[in-house]
Amino acid sequence: MTTIAFSADHAGYLLKNDLVKAARALGWEVLDLGVHEGHAVDYPDMAAALAAALARGQARFGVLVCGTGIGMAIAANRHPHVRAALCHDVTTARLAREHNDANVLALGARIVGSEVARDCLRTFLTTEFAGGRHTRRVAKLSQAPLPEPQAE
Ligand code: RB5
């Protein structure tokens with residue numbers, strides 16, 4: 001599947017719109033869940049809409065944008081099938097895919113500029129999960145309840 005879903009609140013929608021264009025230019029189909037203008041909405045609702053789209057198989061990846069990215073990441077990670085990574089640069093975007101198999105990129109429109117955000121998106125979409133030792137760790141994220149801490 002080559003669809004990526006986008007969702008943003010009022011603080012993030014301008015950057016989201018910019019990233020929608022960037023994703024299309026990279027050859028991705030886009031599912032744009034809004035918002036499309038600057039009226040105030042609650043970021044947990046926008047994160048939930050994106051999580052639902054992923055659960056329905058409507059998109060392979062998601063991008064969430066709010067003012068800081070923090071609220072979106074917290075909200076999205078309440079949904080068990082979501083691994084949302086708050087990224088600030090190309091390195092965090094790359095490692096979110098390589099180590100965490102993140103399926104959602106969270107960005108803060110008040111924190112990163114549009115160039116950095118576009119670089120994060122491109123890196124996120126072109127980096128594969130590294131597997132290996134990370135597979136066991138990522139699998140533990142999906143265990144409910146979360147596993148007890150283990151000694152070495
Ligand atoms: C909205 O003002 C702001 O709180 C929201 O976009 C986000 O930054 C929350 O984490």
Side-chain angles (χ1 to χ4, degrees), residues 1-26 28-127 129 134 137-147 149:
M1 185 200 308
T2 57
T3 300
I4 179 164
F6 287 82
S7 187
D9 73 357
H10 51 287
Y13 83 102
L14 287 175
L15 179 59
K16 181 266 294 172
N17 290 348
D18 196 49
L19 294 174
V20 162
K21 285 184 204 146
R24 288 192 174 122
L26 291 169
W28 286 76
E29 292 288 322
V30 166
L31 175 63
D32 185 351
L33 299 166
V35 291
H36 302 291
E37 52 193 45
H39 63 280
V41 293
D42 297 337
Y43 58 83
D45 298 330
M46 302 311 295
L50 186 128
L54 291 182
R56 286 194 293 263
Q58 290 179 286
R60 166 73 181 90
F61 291 118
V63 175
L64 290 169
V65 190
C66 65
T68 60
I70 294 170
M72 284 293 203
I74 293 171
N77 281 317
R78 301 295 174 106
H79 301 269
H81 60 292
V82 171
R83 288 181 301 280
L86 175 56
C87 296
H88 297 108
D89 49 38
V90 164
T91 305
T92 46
R94 175 175 62 80
L95 290 171
R97 290 287 307 126
E98 285 182 357
H99 287 198
N100 311 112
D101 199 16
N103 56 0
V104 172
L105 171 66
L107 294 166
R110 294 172 180 160
I111 308 298
V112 296
S114 57
E115 284 283 322
V116 171
R118 279 197 292 271
D119 286 348
C120 286
L121 177 66
R122 189 181 315 109
T123 300
F124 190 86
L125 293 178
T126 55
T127 304
F129 177 48
H134 303 294
R137 295 165 184 167
V138 170
K140 287 186 177 184
L141 297 174
S142 302
Q143 290 176 19
L146 285 174

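Just so you know, ligand 1 is whichever comes first in the structure, and atom 1 is the first atom listed for that ligand. The first residue in the sequence is number 1, and the count goes up from there.
- Side-chain contact between Cys120 and Leu107: present, with at least one pair of heavy atoms (C-beta onward) separated by less than 4.5 Å.
- In this structure, the protein non-hydrogen atom closest to atom 10 (O) of ligand 1 is Gly71 N, 2.9 Å.
- At a 4.0 Å heavy-atom cut-off, ligand 1 does not touch Met72 at all.
- Summarising the geometry, atom CG belonging to Leu141 is positioned 10.0 Å from atom CG belonging to Asp101; distances are rounded to the nearest 0.5 Å.
- In terms of protein heavy-atom proximity, atom 5 (C) of ligand 1 is closest to Asp9 OD2, 3.2 Å.
- Few gaps surround CZ on Arg137; more than 12 heavy atoms of other groups in view lie less than 6.0 Å from it.
- Counting heavy atoms from C-beta on, the side chains of Arg118 and Leu19 come closer than 4.5 Å.
- With a 4.0 Å heavy-atom cut-off, ligand 1 is reached by the backbone of Thr68 and by its side chain too.
- Only side-chain heavy atoms of Ala11 come within less than 4.0 Å of ligand 1; its backbone N, CA, C and O stay farther off.
- Residue Ile70 has no nitrogen or oxygen atom sitting less than 3.5 Å from a nitrogen or oxygen atom of ligand 1, judged on distance alone.
- Each of the following atoms of ligand 1 lies closer than 4.0 Å to a heavy atom of Gly67: 5 (C), 6 (O), 7 (C), 8 (O).
- Those atoms of ligand 1 with a heavy atom of His10 less than 4.0 angstrom away are 1 (C), 2 (O).
- At the top of the distance list for atom 7 (C) of ligand 1, counting protein heavy atoms only, stands Cys66 SG, 3.4 Å.
- If you check which protein heavy atom lies closest to atom 2 (O) of ligand 1, you get Arg110 NH1, 3.5 Å.
- Side-chain contact between Ile4 and Phe6 is present, with at least one heavy-atom pair separated by less than 4.5 Å.
- By the 6.0 Å contact criterion, CD on Glu115 is open, its count of non-hydrogen atoms from other residues, nucleotides or ligands being 12 or less.
- Closest to atom 9 (C) of ligand 1, if we only count protein heavy atoms, is Tyr43 CE2, 3.5 Å.
- The distance from the OG1 atom of Thr68 to the OH atom of Tyr43 is 8.0 Å, given to the nearest 0.5 Å.
- Residue Leu31 holds its CG atom at 9.0 Å from CG of Leu54, rounded to the nearest 0.5 Å.
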